[in-house]
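Throughout, protein chains are lettered first and strands after them, A, B, ... in sequence-line order, and every chain is numbered starting at 1.
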2 protein chains.
Amino acid sequence: MPKQSAALRPHRQLFADRRRNPDAKREAVLHTAVRIFLERSYARTSMNDVATQLNITKPALYHYFRNKEEILVEIYRLGTDLIDEMLDSIEADEKTGLDKVADFIAGYTRIIAGDFGRAVVRLDDGELSKAGRKLVRARKREIDHRLRALIESGIEDGSIASCDAKIAAFILAGAIHGMASWYEPAGSMDLADITAQYVRMLAAGLAMGGLPALAERQPIAPRRFE
Amino acid sequence: MPKQSAALRPHRQLFADRRRNPDAKREAVLHTAVRIFLERSYARTSMNDVATQLNITKPALYHYFRNKEEILVEIYRLGTDLIDEMLDSIEADEKTGLDKVADFIAGYTRIIAGDFGRAVVRLDDGELSKAGRKLVRARKREIDHRLRALIESGIEDGSIASCDAKIAAFILAGAIHGMASWYEPAGSMDLADITAQYVRMLAAGLAMGGLPALAERQPIAPRRFE
DNA sequence: TGCAAATCCGACCGGCGAGTAAGATATCAA
DNA sequence: TTGATATCTTACTCGCCGGTCGGATTTGCA
């Protein structure tokens with residue numbers, strides 16, 4: 001019994017009559033599905049759940065998608081497209097590596113705040129078939145590599161302190177991905193504030209010359225946990 | 001068809017004879033289950049999978065656990081216990097807030113590198129019943145609040161730059177939680193190196209006086225992504 | 001040794017969910 | 001208006017998995 005989200009109403013309307021409009025209906029399915037998947041997870045969402053939300057029955061869905069997996073793959077495609085576009089435009093800029101990374105952080109947080117962005121991060125691609133998984137993971141890997149390249153360019157131009165770009169990329173991406181688990185568009189926190197703090201804190205961690213006092217910390221607590 | 005992990009061999013041995021040893025066997029189930037859950041996810045792992053790996057049959061498992069959920073809850077409990085212990089010892093120290101947070105980062109990465117730590121972060125508590133979910137989420141929330149308190153103490157003592165402690169905690173936790181998706185104990189990356197870079201980069205982002213050049217960045221890219 | 005309790009197994013149940021078959025109904029182009 | 005086609009529904013199949021039943025076997029204590 002999925003809750004009635006006001007934002008999903010227009011999609012229901014679309015299916016109210018049987019006028020032929022396959023493209024719009026396909027898109028309506030996607031927007032509805034991604035919302036439910038984010039709320040309930042892909043695995044725990046049945047095709048019936050999606051259909052019910054759209055005021056139709058399960059078999060009708062199979063007019064627009066071959067199977068459940070195709071819906072998920074399409075969602076991933078739309079989400080990763082957004083990220084790719086952002087990276088395209090950042091790479092085209094003439095800026096220092098650090099500034100590019102800062103722009104990436106700002107853009108990425110905003111994308112992750114949207115449904116399809118959140119979906120890329122939060123939905124479990126382990127549910128996919130071998131083929132689908134391979135596809136999706138390749139796109140994720142490509143994004144990771146492009147972020148690494150941004151960081152490396154910053155190290156070269158001296159705007160970013162020397163470090164392992166691979167780990168740095170994991171740290172940045174991880175921090176932002178975390179948003180997908182707690183950020184709620186309808187919530188009270190202002191996205192601009194969140195984005196600003198992400199940029200400030202993470203860029204500061206990357207920047208040249210940071211951490212003067214902490215630079216020669218003694219080897220951290222040698223206590224054993226686990 | 002779970003792969004035969006060498007590390008799981010001793011647990012299989014335990015069940016080779018029927019000698020009475022319920023505590024050790026229960027623990028063996030947990031260690032085996034957490035490994036498989038991490039590899040295949042909780043939902044996609046059947047009780048048969050766990051039993052097979054232990055060289056027993058499904059009903060035998062029900063001698064040690066009432067149901068599948070009890071296994072998962074127990075895994076969460078063990079994992080969060082590790083984190084709680086770490087926080088206990090950090091809070092007992094006499095250090096600046098920043099140093100405490102740095103110790104937290106170091107300890108947390110190490111815990112997340114272990115099976116039960118990784119499980120806390122990666123396994124989906126949405127699979128739990130309402131009661132179980134409430135329990136687990138309460139413990140996670142408590143950890144989050146304790147981290148926030150560490151950060152706030154650092155802001156007060158001047159070691160950490162003024163910021164929203166709530167968001168800062170999300171950033172830290174998110175960055176470290178990301179590890180759970182890519183770190184492999186058997187892999188080639190050295191845990192000490194990883195931990196060191198996490199501490200360096202994240203502490204620098206928090207520290208007072210960081211980010212001199214970037215301080216007055218123009219409002220970040222007003223482009224629209226999604 | 002004998003026997004109660006612990007341990008374990010083979011076979012089964014019930015429910016759920018993806019996907020399909022076959023047919024009813026509406027749309028739209030001619 | 002009419003028929004070809006798209007759309008949608010009702011009613012199913014099939015496989016998987018959590019959990020249980022009843023019984024067989026072993027253990028360890030008296």
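- Residues satisfying the side-chain hydrogen bond (donor to acceptor under 3.5 Å, both in side chains) criterion with A:Lys25, sequence neighbours excluded, are absent altogether.
- Near DNA chain C, defined here as any heavy-atom distance below 4.0 Å, the residues from residues 57-73 of chain B are B:Thr57, B:Pro59, B:Ala60, B:His63, B:Tyr64, listed numerically.
- The nearest whole Å value for the distance from the CG atom in B:Asn48 to the P atom in C:dC12 is 16 Å.
- Closest approach of A:Thr32 to A:Val50, counting heavy atoms only: CG2-O, 4.5 Å.
- What separates CE of B:Met47 from P of C:dA11 is a distance of 20 Å, to the nearest Å.
- Looking at every heavy atom in both residues, B:Arg122 comes nearest to B:Glu39 through NH2-N, 4.2 Å.
- Regarding B:Ile56, its CD1 atom lies at a distance of 14 Å from the C1' atom of C:dA6, rounded to whole Å.
- Rounded to an integer number of Å, the gap from CG of B:Leu14 to C1' of D:dT27 is 16 Å.
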Distance-only donor-acceptor pairs under 3.5 Å for side chains of residues 166-175 of chain B, two or more places apart:
none

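- A straight line from CG of A:Asp49 to P of C:dG17 spans 7 Å, rounded to a whole angstrom.
- Partners of B:Tyr198 according to the ring pair (Phe, Tyr, Trp, His ring centres under 6.0 Å) rule, which considers only residues two or more places apart in sequence or in another chain, do not exist here.
- The main-chain N or O of A:Leu123 is found under 3.5 Å from a side-chain atom of A:Tyr76 such that the two form a donor-acceptor pair.
- One can place CG of B:Leu54 at 10 Å from P of C:dC9, the figure rounded to the nearest angstrom.
- Here the P atom of nucleotide C:dC8 and the CG atom of B:Asn55 are 12 Å apart, to the nearest Å.
- Comment: B:Arg137 does not engage B:Asp144 in a salt bridge, judged by the lack of any side-chain N to carboxylate O separation of less than 4.0 angstrom.
- For A:Ser181, the side-chain hydrogen bond (donor to acceptor under 3.5 Å, both in side chains) criterion is met by no residue, not counting sequence neighbours.
- Of the charged side-chain nitrogens involved, at least one lies within less than 4.0 Å of a carboxylate oxygen, so that B:Glu142 and B:Arg146 count as a salt-bridged pair.
- Atom CZ of B:Arg26 is separated from atom P of C:dA6 by 16 Å (rounded to the nearest Å).
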Please tabulate the protein-to-nucleotide N/O contacts below 3.5 Å involving nucleotides 26-30 of chain C, giving atom names and distances.
{"unit_1": "C:dT27", "atom_1": "O2", "unit_2": "A:Arg20", "atom_2": "NH2", "d": "2.4"}

